[in-house]
Every structure is written in structure tokens, then in C-alpha cells.
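Just so you know, ligand 1 is whichever comes first in the structure, and atom 1 is the first atom listed for that ligand. What you are looking at is a predicted structure, and each value in this text was computed from that prediction instead of being measured. Only this structure's heavy atoms are used, side chains among them; waters, hydrogens and symmetry mates stay out.
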Amino acid sequence: MNDKGIIFDLDGVIVDTAKYHYLAWKKIADALGFEFTKAHNELLKGVSRTRSLEILLDIGKVTLSDNEKQKKLISKNKDYLGYIEKMGADEILPGVLTVLDFLDENNIHYVLGSASKNAELILKQINLHHRFFGIVDGNAVSKAKPDPEVFLIGAHKLHLPPENCIVFEDAIAGVEAAKIANMTAIGIGDKETLSEADFVFNDFTEISEAFLYELLDSTKY
Ligand code: BG6
Ligand code: MG
């Protein structure tokens with residue numbers, strides 16, 4: 001089963017940072033004078049920072065100059081980092097460490113495949129940075145999910161063909177990217193929202209060892 005590798009998305013899979021993105025974007029919306037709800041925030045999941053601002057401005061029907069947009073992006077990230085700097089290992093989502101331990105015990109390599117430019121910092125904050133075989137983040141890609149670029153670079157880092165890679169994702173755009181890359185997509189979240197995934201679990205506590213063995217080595221079971 002060592003011919004398989006795993007690619008983990010970060011936000012919404014390993015940690016719930018969506019709540020911090022929400023607070024930081026809400027502050028921008030408040031300053032611009034329109035309402036930004038949690039339902040709106042769903043639209044920003046898996047989406048790059050620049051694209052998120054475009055979506056936010058569309059919601060508020062606000063037009064800004066490129067210079068003003070740059071200022072908003074800097075200010076949003078400054079606020080977001082304020083929350084990230086307070087994060088610790090206690091924010092790792094339930095079941096994640098059990099799955100990572102299983103992969104380590106079975107010598108299965110895993111890399112990160114995230115749209116976030118803050119991914120390395122977050123992994124350091126939660127003390128997981130050293131465990132990843134490689135990191136592909138928002139600084140490494142030129143095309144955002146659903147483009148498969150982030151996962152294809154991940155496969156390269158794993159020295160594996162895409163079809164041997166298994167992706168854990170919470171965003172529709174991420175599941176789509178994994179499928180375009182010809183990888184197995186495991187959705188973490190709502191079954192209906194992530195219906196394009198090969199398997200969907202509410203969270204990692206629902207993933208059994210038997211499932212992982214089956215996934216990693218279909219001949220074993
Ligand atoms: C993704 C999040 O992982 O990263 C998005 O799901 C976020 O909500 C994107 O916009 C970019 O993150 P950052 O940290 O570079 O602003
Ligand atoms: Mg995500």
C-alpha cells in the first residue's frame with residue numbers, strides 16, 4: 001500500500017479556520033457598509049484570497065479601485081493573522097491525529113494541498129508542520145481550485161502518479177480539482193454538498209481503520 005499517498009486540504013479539513021476568515025471578511029464588509037452572513041461565507045471556502053474579495057464585493061455590490069482592493073486584502077489578512085497567532089494544537093479537528101498516526105505507522109506519505117498563503121504558519125501553530133512530507137500552498141500555485149494544479153504538484157512531491165493519490169477536501173472546488181486531477185476524492189462535510197466526491201464523511205472520527213486499509217490497499221480486505 002506504499003504506492004499510495006495522501007493530499008490533505010488544510011482549512012476545513014485539519015482546522016476550522018473558516019470562522020476566522022469570516023470574522024476578518026465581516027470587518028471589511030462592516031467598514032464598507034453591507035451585511036456579510038455566515039451563508040455568504042460558505043461561498044469563500046476553498047477560494048483564494050483575491051477571489052474571495054471579488055465575491056465579497058459582488059455580495060455588497062461595491063466597486064473598488066485596484067489600489068483600494070490591495071489595501072482591503074492587506075487589512076483582511078492582518079486581522080486574520082491576529083486570530084491565527086492565537087491558534088494551538090487544541091484546534092486540530094477531531095479524528096485528524098488518529099488518521100495521521102495511522103498513516104505514519106503504515107509508512108504512507110502525506111502532503112498538504114491548500115489554497116492558503118498562510119498554510120505553513122497555521123501548520124506551525126498547531127504543531128503539525130514537521131509531520132508533512134511536503135507542503136503545497138497558495139504561494140506555490142498560479143491557478144486556484146477547481147484547477148487541479150495544487151494537487152498535481154502534491155502528487156509530484158509524493159513521487160506518485162495522480163491516480164495513486166487520495167485527497168481529503170471540504171470544499172466543492174477542491175473535490176472538483178481532485179477529480180479533474182484523476183485522484184480519489186474524500187469529502188469532509190455534508191454528503192449532498194460534496195456529492196462529487198468518491199466518499200464523504202462528516203468528520204475524521206467517522207473514518208475507520210478498516211476503511212483506510214481498504215482505501216490504501218484494495219487487496220488487503
Ligand atoms: C482556503 C480557504 O484554504 O484558503 C479560503 O478555504 C481562503 O477560505 C483561502 O480564502 C486563502 O487563504 P489565505 O490564508 O491565503 O487568505
Ligand atoms: Mg478547505
Closer than 2.8 Å to the Mg ion (ligand 2), how many protein N/O/S atoms do you count?
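Every protein N, O or S atom under 2.8 Å from the Mg ion (ligand 2) counted, the figure is 3.
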Checking contacts here: is it the side chain or the backbone of [X] that comes within 4.0 Å of ligand 1, counting heavy atoms only? Could be both or neither.
X   : value
V47 : backbone
S52 : side chain
K45 : backbone

Would you check whether G46 reaches within less than 4.0 Å of ligand 1, judged by its heavy atoms?
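Within the 4.0 Å threshold, so yes.
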Residue pair N202 / I188, side-chain heavy-atom distance below 4.5 Å
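With C-beta onward as the side chain, the pair stays apart.
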Among protein heavy atoms, which sits nearest to atom 15 (O) of ligand 1, and what does the distance come to when rounded to 0.1 Å?
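Result for atom 15 (O) of ligand 1: K117 N, 2.7 Å.
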Suppose we measure from atom 8 (O) of ligand 1 to each protein heavy atom; which comes out shortest, and what is that distance?
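Closest protein heavy atom to atom 8 (O) of ligand 1: L44 O, 2.9 Å.
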Verify whether the ring centers belonging to Y213 and F102 lie closer than 6.0 Å.
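Yes - the distance between ring centres of Y213 and F102 falls below the 6.0 Å cut-off.
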Parallel, tilted or perpendicular: rings of F168 and F8 (30°, 60°)
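Ring orientation of F8 relative to F168: parallel.
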Is the ring pair H159/H156 parallel, tilted or perpendicular, if the boundaries are 30 and 60 degrees?
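Answer is tilted, since the angle falls between 30° and 60°.
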Atoms of ligand 1, numbered as shown, that sit under 4.0 Å from any heavy atom of Y80
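Selected atoms, number and element: 14 (O).
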R49 neighbourhood, listing ligand 1 atoms whose heavy-atom distance to it stays under 4.0 Å:
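Ligand 1 atoms under the 4.0 Å threshold to R49: 11 (C), 13 (P), 15 (O), 16 (O).
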Regarding [X] and [Y], do their side chains bring together a donor and an acceptor under 3.5 Å, going by distance alone?
X   : Y   : answer
S65 : N67 : no
K76 : H21 : yes
D11 : T17 : yes

Closest heavy-atom contact between K145 and G174?
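Scanning both residues completely, I find the closest heavy atoms to be CD-CA, 3.9 Å.
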Of D11, N77, L10, T50, which has the heavy atom at the shortest distance from atom 3 (O) of ligand 1?
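Looking at heavy atoms only, D11 sits closest to atom 3 (O) of ligand 1.
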ring-ring contact (aromatic ring centres under 6.0 Å, His included) evaluation trace for Y110 with F133
CA-CA 6 Å; Y110 46 90; F133 192 67; 8.9 Å; no
D9 to ligand 1: N or O pair under 3.5 Å?
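In fact, backbone or side chain, D9 has no N or O that close.
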N/O donor-acceptor pairs under 3.5 Å from side chains in residues 114-127, not counting sequence neighbours:
unit_1	atom_1	unit_2	atom_2	d
S114	OG	S116	N	2.9
S116	OG	N118	N	2.8
S116	OG	A119	N	3.4
N118	ND2	N77	OD1	3.0
E120	OE1	H129	NE2	2.7
Q125	NE2	I84	O	3.2
Q125	NE2	E85	O	3.1
Q125	NE2	M87	O	3.0

Any chance you could measure K45, atom NZ, to D170, atom CG, to the nearest 0.5 Å?
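If we round to the nearest 0.5 Å, K45:NZ and D170:CG are 6.0 Å apart.
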